[in-house]
Amino acid sequence: MLDLTSHPRTSTHAAAAIGPVPAVSGQPGPTLDDMHAHVAARRDISDKTRDRYLSAITKAGERLNKPLAVIPAELALLEERFPLDGFDPTHWSTDTAYQLFRRRLQAPLREFLGVHKKQAALRAQEDDWTILFAAIEPLSKGKVGRTARWHPMKLSMLRTFAIVARAYGWQPRDLTLAEAQRIDADFRGNKREANARALRRLDELREFPQILPLLPPHPIGFSAKRRAPLLTALHPSWEAQFLPWIEAVTRTGWDPVGKVFADDHAGHAHVLRAAFRTALRIGVEIGAIGPDQPDLKAILAEDEILCAIAGEMFARRLRTRRNGRLEPRTSRKYLKGLNQVRAHLGIDTTMMKLVLANNSVSRMGKKADRCMTPTNRKFCEGVVEKPALRRRFLGAFKELRATAQSISAQIAAEDRKPTPREIARVRMLGAAACFAAIEIGGAPIRVENAMRLTCVGEDAQIRIPESGKKPIKVLIPAELTKNKAEIAFPVRANKHGCHDTIRWYLQVIRPMFPHAATSPFLFPAIKTQGAHFNPDFFGAEFAGLMRTVVNMPMTPHQMRHGQTSLLLDRHPNEIEVIAKRIDDTLGTLRQFYGWLNSMKLVEHGQDLLVGLMED
């Protein structure tokens with residue numbers, strides 16, 4: 001186990017002393033099989049609890065499809081294979097069931113690795129942290145916002161952070177910006193953010209003279225700018241060089257009258273920016289590019305450098321997602337984008353074309369780019385094959401709306417004003433319900449178009465009647481759509497409730513947005529007046545609500561995939577109608593959803609063979 005008196009190793013979560021020392025070279029570390037035997041022998045827990053722990057360990061092996069003896073007993077197992085947002089309806093009925101499984105796996109794992117014991121020892125230490133907390137305690141007494149001079153939750157946050165600092169062997173007065181950056185570099189995710197907040201709270205305490213002698217001699221100064229970068233820093237001039245190049249290849253067709261570009265490929269520009277940043281960071285990390293080389297064009301002109309970067313990109317397909325995995329299709333797309341810019345700059349692209357055409361990983365990426373991603377295909381297969389998932393998918397807007405209404409009803413029953421958190425929760429549930437109702441009851445438009453829908457003015461893109469059952473009409477001009485084709489459809493009133501849900505959102509939920517009265521958008525931005533809801537933020541929130549409320553893990557874009565798969569499965573001869581519904585071509589449908597027909601042919605072949613066996 002990790003010696004808590006020594007300096008902790010520099011790796012993710014090591015500083016908190018929450019895991020064991022890596023296995024000695026040549027000697028395998030503990031496995032889930034060892035952990036299973038350990039739990040089975042425990043007598044400090046009830047038989048019921050022990051059985052639940054053993055069941056969770058067995059379930060983990062079944063889920064990974066591996067014998068317990070070959071699965072390392074590491075905390076990384078939870079982070080990488082069973083993360084907080086890892087609910088899969090194929091294996092668990094609800095997100096609640098998944099979270100229960102996760103806790104029942106985590107508890108014995110942490111006990112087996114000695115985490116609880118180590119943390120308890122750190123928490124029980126009597127040192128300068130103890131003196132500091134005793135001095136803060138009187139400041140947190142009383143009513144928050146009135147007599148309490150410091151929020152008690154901040155004190156609780158510092159108590160948790162003290163475990164981290166003690167694992168390093170650092171007392172409050174030892175903390176400087178260097179130590180803060182060391183801690184920040186050793187952590188990832190929510191724990192990293194919690195540490196950063198705690199370090200800032202220590203500086204906040206300097207306003208109390210009686211606390212000052214217990215704090216570091218000087219402010220830590222751990223601002224956002226001082227945090228350890230998660231990614232390799234790039235030369236300051238590089239971005240200024242490649243951004244104009246990207247604009248030149250993605251914005252074309254200048255209109256002198258309208259003073260605009262007729263073709264503005266914003267999505268491709270986003271990919272190219274990611275391609276440059278990823279490639280340059282890789283080049284610096286592997287030593288192919290000097291961090292102080294200012295001329296980016298000269299770097300791009302070197303085939304040897306580009307080939308080295310390409311090799312590292314392709315090799316990263318074997319990494320975990322947490323450690324920077326790059327899928328072959330992503331690597332190939334990035335390299336194609338770099339070559340496009342190189343051609344624009346007049347650089348010979350022959351060598352990179354050979355790499356893209358002949359490298360085996362690049363060919364894998366090309367093949368994958370012509371198919372639906374494994375994640376999306378698995379989602380579609382679940383919707384098509386499992387009636388329960390299909391019902392959740394098609395009725396998502398009802399569940400989201402019902403949850404929002406139940407919160408509002410509870411507040412009304414208690415005869416009180418909603419808290420800011422409750423307002424935010426109801427507002428987000430309502431927006432998600434409205435979006436899902438438009439997608440199901442109308443047509444699956446892209447989330448970017450949905451967030452930009454205007455509902456005010458003569459040119460409003462969505463027209464919602466104030467009362468009655470007249471259809472809601474949606475009209476998105478061609479210049480605003482991805483395929484440059486106008487999208488127009490009605491949302492008709494019927495027993496399923498999509499029409500009613502959209503009107504409910506407009507009348508009840510939309511006024512809860514701070515700038516709703518002056519915003520032309522159906523989904524107004526929360527903070528910025530006159531802006532629409534950010535599509536990326538909405539997408540993340542929608543995915544979270546679908547996972548936790550509807551028990552249907554999915555992104556907004558999977559609304560398109562799910563509907564299309566269901567329609568093609570049930571009505572394969574209506575392909576033209578389905579293509580029009582999702583604003584796509586027949587070729588795209590056949591390319592990305594051809595697996596549905598292939599599966600049916602395979603099943604039919606099996607039926608034919610069974611018929612022969614029964615003759």
Side-chain angles (χ1 to χ4, degrees), residues 396-467 472-477 480 487 491 497-550 554-557 559:
F397 65 93
K398 297 180 183 178
E399 188 65 31
L400 293 165
R401 176 180 175 179
T403 304
Q405 290 176 321
S406 68
I407 296 173
S408 298
Q410 181 66 30
I411 294 169
E414 295 173 0
D415 192 23
R416 61 176 177 83
K417 291 183 178 180
T419 65
R421 185 170 184 176
E422 287 171 333
I423 292 172
R425 174 75 169 171
V426 171
R427 189 170 56 204
M428 195 65 238
L429 284 163
C434 180
F435 171 77
I438 293 171
E439 298 279 300
I440 298 295
I445 59 177
R446 291 176 171 83
V447 67
E448 293 81 5
N449 289 126
M451 294 301 103
R452 289 176 171 84
L453 284 174
T454 56
C455 60
V456 176
E458 295 181 358
D459 59 347
Q461 295 172 20
I462 181 168
R463 295 177 179 271
I464 306 172
E466 293 184 4
S467 61
I472 295 169
K473 295 182 179 179
V474 177
L475 174 62
I476 304 176
L480 300 180
I487 297 176
V491 181
C498 293
H499 184 280
D500 293 341
T501 298
I502 297 170
R503 290 187 64 247
W504 163 79
Y505 166 80
L506 184 72
Q507 295 168 2
V508 178
I509 301 298
R510 189 174 179 274
M512 298 172 70
F513 285 82
H515 309 295
T518 57
S519 175
F521 296 104
L522 180 64
F523 300 100
I526 297 171
K527 294 184 179 180
T528 308
Q529 187 170 4
H532 57 74
F533 212 110
N534 181 280
D536 293 333
F537 177 73
F538 175 83
E541 292 292 308
F542 179 84
L545 291 174
M546 289 296 294
R547 175 173 56 83
T548 58
V549 175
V550 185
M554 59 174 286
T555 64
H557 194 71
M559 276 285 183

Output the distance between atom CZ (Phe542) and atom OG1 (Thr555), rounded to the nearest 0.5 Å.
8.0 Å
Before accepting this row, confirm whether a basic side-chain N of the pair Arg416/Glu422 lies closer than 4.0 Å to the acidic partner's carboxylate O.
yes
Taking the side chain from Thr528 and the backbone from Ala525, do they hold a donor-acceptor pair closer than 3.5 Å?
no
A side-chain contact here means heavy atoms from C-beta on lying under 4.5 Å apart; do Leu400 and Thr501 qualify?
no
Quick one: closest heavy-atom pair of Arg427 and Ile509, and the distance?
O-CG2, 3.7 Å
I'd like to check Gln405 versus Arg401 (side-chain heavy atoms, cut-off strictly below 4.5 Å). Are they in contact?
yes
Pairwise side-chain contact, Pro556 with Glu541, heavy-atom cut-off 4.5 Å (strictly under)
no
Minimal non-hydrogen separation, Ala437 against Ile502, with atom names:
CB-CG1, 3.8 Å
Answer yes or no: does atom CD of Glu466 have more than 12 heavy-atom neighbours from other residues, nucleotides or ligands under 6.0 Å?
no
Mark yes or no: Arg452 above the aromatic ring of Phe521, with NZ or CZ under 6.0 Å from the six-membered ring centre and no more than 45 degrees from the axis.
no
What's the separation between atom CG in Asp459 and atom CG in Leu475, rounded to the nearest 0.5 Å?
10.0 Å
Close side-chain approach of Ile476 and Val474, heavy atoms under 4.5 Å
yes
Within the side chain of Tyr505, is there an N or O that forms a donor-acceptor pair under 3.5 Å with the backbone of Leu522?
yes
How many angstroms lie between SG in Cys434 and CD1 in Ile462, if you round to the nearest 0.5 Å?
6.0 Å
For the residue pair Ala516 and Pro511, what are the closest heavy atoms and their distance?
CB-CA, 4.1 Å
So, do Lys417 and Ile411 sit near enough that their side-chain heavy atoms are less than 4.5 Å apart?
no
Output yes when a side-chain donor or acceptor of Glu439 lies under 3.5 Å from a complementary backbone atom of Ile445, and no otherwise.
yes
For the atom pair CZ (Phe435) and CG (Leu453), what is the distance rounded to the nearest 0.5 Å?
10.0 Å
Taking His515's backbone N and O only, do any of them form a donor-acceptor pair with Ser519's side chain (distance below 3.5 Å, no angle check)?
no
Spacing of Phe538 atom CZ and Met451 atom CE [to the nearest 0.5 Å]
4.0 Å
Taking Cys455's backbone N and O only, do any of them form a donor-acceptor pair with Arg463's side chain (distance below 3.5 Å, no angle check)?
no
Do the side chains of Ile407 and Arg425 get nearer than 4.5 Å, heavy atoms only?
yes
Check whether any side-chain heavy atom of Met559 lies under 4.5 Å from a side-chain heavy atom of Ile440, and answer yes or no.
yes
Return yes if some donor-acceptor pair links the side-chain N/O of Thr454 with the main-chain N/O of Gln461 below 3.5 Å, else return no.
yes
Taking the side chain as every heavy atom from C-beta outward, state whether Cys498 and Phe397 have any pair of such atoms under 4.5 Å apart.
yes
Calculate, to the nearest 0.5 Å, the distance between atoms CE and CG belonging to Met428 and Leu545 respectively.
6.0 Å
